[in-house]
Amino acid sequence: MRLLAPAKINLHLRVGSPRADGFHPLVTWMCTVSLFDELYLEESQSVVGWSLTSNHADLACDQSNLVLKAAILLETAAGRKWEKRRPPGGVAALHKRIPIGAGLGGGSSDGARMLLGLNRLWDAGLSAEELSPLAAQLGSDVPFFLFGPSNICRGRGEIVAPIAKPAVRWAILILPSQAIATPGVYKRLDLLNDWSVNKPRSDDENNEPRLREPDWTNWTLLPAQQLLTMLVNDLEPPAFDVAPELAYLRDTAEQVIQRVVRMSGSGSTLFSLFDQLPEAQAAAKEIKENLSVGAQVVELAPDINDDLNKT
Ligand code: C5P
């Protein structure tokens, strides 16, 4: 079985002060983009459990990988009605294209695709809604990838509601080589906001007006330049504090392409939006030539033609 696991960008990301469990309440508009990891699954009668190989030297292929965690979760999930019909294990091969630690959700997408793939292979018949609590155990962003391509995510990210695809069709991803670890960015956010446990405030006081939501339907209709001026990512200040060179890259990228540039998730990927493909291609070329950094044009909310979409 061949599966394509898309990357995502957070078009808009507002983050409130930490909850009692340490996670931060957030509201985000997430959208898949046409940058894919490829995941191949082959069942086998002769092995018990799943193993993973990858083309990426830095990727752990042990049980810390979300692909294998997903297999274990689904296996041990309640209601094993499909168990007798399936071979005991198999081999998963992951071809990484989505950079790691880039705010593009690559690992989360791989994990979600594994859940969907095994659900199909095992004929388990679970809906995306039924898989969602399992996905949430893998990570806050994982449920989004069960649904896609365009969703508003709330809670710690795991509460997913569909929204129309944006009218804007193209984005450029600016891909710095450094990875940024998400927990460190949230910790820095807490430091910058002085949300210390010694100063408890009610959730409303803490999080308003950050978590107040715009008219999303209106936003889905906006052309690129207008939409860009509305977008906020509350993780930019802490990420730029952790990695000051990223702030410099954002400022210079905005000058080079004369357009708003935002960060996705907890970084390090930066992006901008375009209505027309040739404009996006020209901007990516300018960025690569002037700033010596990777830049790639992607389609927002692309169709995904893999084996999950065959009947
Ligand atoms: O859920 P996930 O494993 O992706 O989260 C990684 C880390 O990011 C968490 O351990 C936490 O430090 C931080 N996080 C957070 N609030 C969120 C999502 C993630 O503080 N809503």
Side-chain angles (χ1 to χ4, degrees), residues 5-32 37 59-60 62-73 96 98-115 131-148 151-161 178-197 200-201 203 206-208 210-213 232-243 263-269:
K8 57 83 179 164
I9 55 175
N10 301 79
L11 290 166
H12 185 70
L13 173 57
R14 303 304 318 253
V15 183
S17 60
R19 317 186 302 199
D21 64 2
F23 282 94
H24 294 70
L26 54 81
V27 177
T28 183
W29 181 10
M30 293 218 273
C31 196
T32 54
D37 285 345
L59 189 73
D62 58 15
Q63 294 196 348
S64 67
N65 192 294
L66 291 185
V67 168
L68 293 187
K69 280 190 178 170
I72 293 163
L73 258 186
K96 285 298 288 180
I98 306 171
I100 297 168
L104 294 170
S108 299
S109 186
D110 299 340
R113 220 64 190 164
M114 185 68 168
L115 285 176
L131 289 171
S132 194
L134 298 182
Q137 289 182 50
L138 296 175
S140 306
D141 283 351
V142 182
F144 160 76
F145 289 104
L146 297 174
F147 299 93
N151 290 270
I152 305 301
C153 304
R154 304 184 177 91
R156 65 178 165 91
E158 88 286 20
I159 301 170
V160 180
Q178 86 258 41
I180 296 191
T182 301
V185 174
Y186 277 104
K187 277 202 191 93
R188 191 65 62 99
L189 176 79
D190 294 344
L191 283 174
L192 291 178
N193 285 281
D194 195 21
W195 281 329
S196 90
V197 281
R201 287 173 288 184
D203 270 1
N206 276 335
N207 296 325
E208 285 292 339
R210 283 187 166 196
L211 300 184
R212 199 178 294 145
E213 298 190 29
V232 175
N233 180 348
D234 285 326
L235 295 183
E236 281 176 11
F240 294 165
D241 214 43
V242 168
M263 188 180 82
S264 176
S266 55
S268 56
T269 299

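Here, residue 1 is the first one in the sequence, and each next residue gets the next number. All figures in this text were calculated on a predicted structure; none of them were measured in a lab. Note that ligands are numbered from 1 as they come in the structure, with each ligand's atoms numbered from 1 the same way.
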Worksheet item: How would you list, by chain and number, every residue that makes a side-chain hydrogen bond (donor to acceptor under 3.5 Å, both in side chains) with Thr182, sequence neighbours excluded?
Response: Ser266
Practice prompt. Name all residues meeting the ring-ring contact (aromatic ring centres under 6.0 Å, His included) criterion together with Tyr186; count only those two or more places apart in sequence or in a different chain, and write none if there are none.
Written response: His24
Worksheet item: Are any of the side-chain heavy atoms of Met30 and Asp141 separated by less than 4.5 Å?
Response: yes
Practice prompt. Heavy-atom cut-off of under 4.0 Å around ligand 1: list whichever protein residues fall inside it, by chain and number.
Written response: Gly22, Phe23, His24, Leu26, Gly139, Ser140, Arg156, Thr182, Pro183, Tyr186
Practice prompt. List in chain and number order the residues that pass side chain to side chain contact (heavy atoms under 4.5 Å, CB included) with Gln137, two or more places apart in sequence or in another chain; answer none if no residue qualifies.
Written response: Leu73, Leu134
Item to complete: Let me know which of Leu235, Asp234, Val27 forms a side-chain contact (heavy atoms from CB on, under 4.5 Å) with Leu13.
Response: Leu235
Discussion item. Is the shortest side-chain heavy-atom distance between Asn193 and Arg210 below 4.5 Å?
Written reply: yes
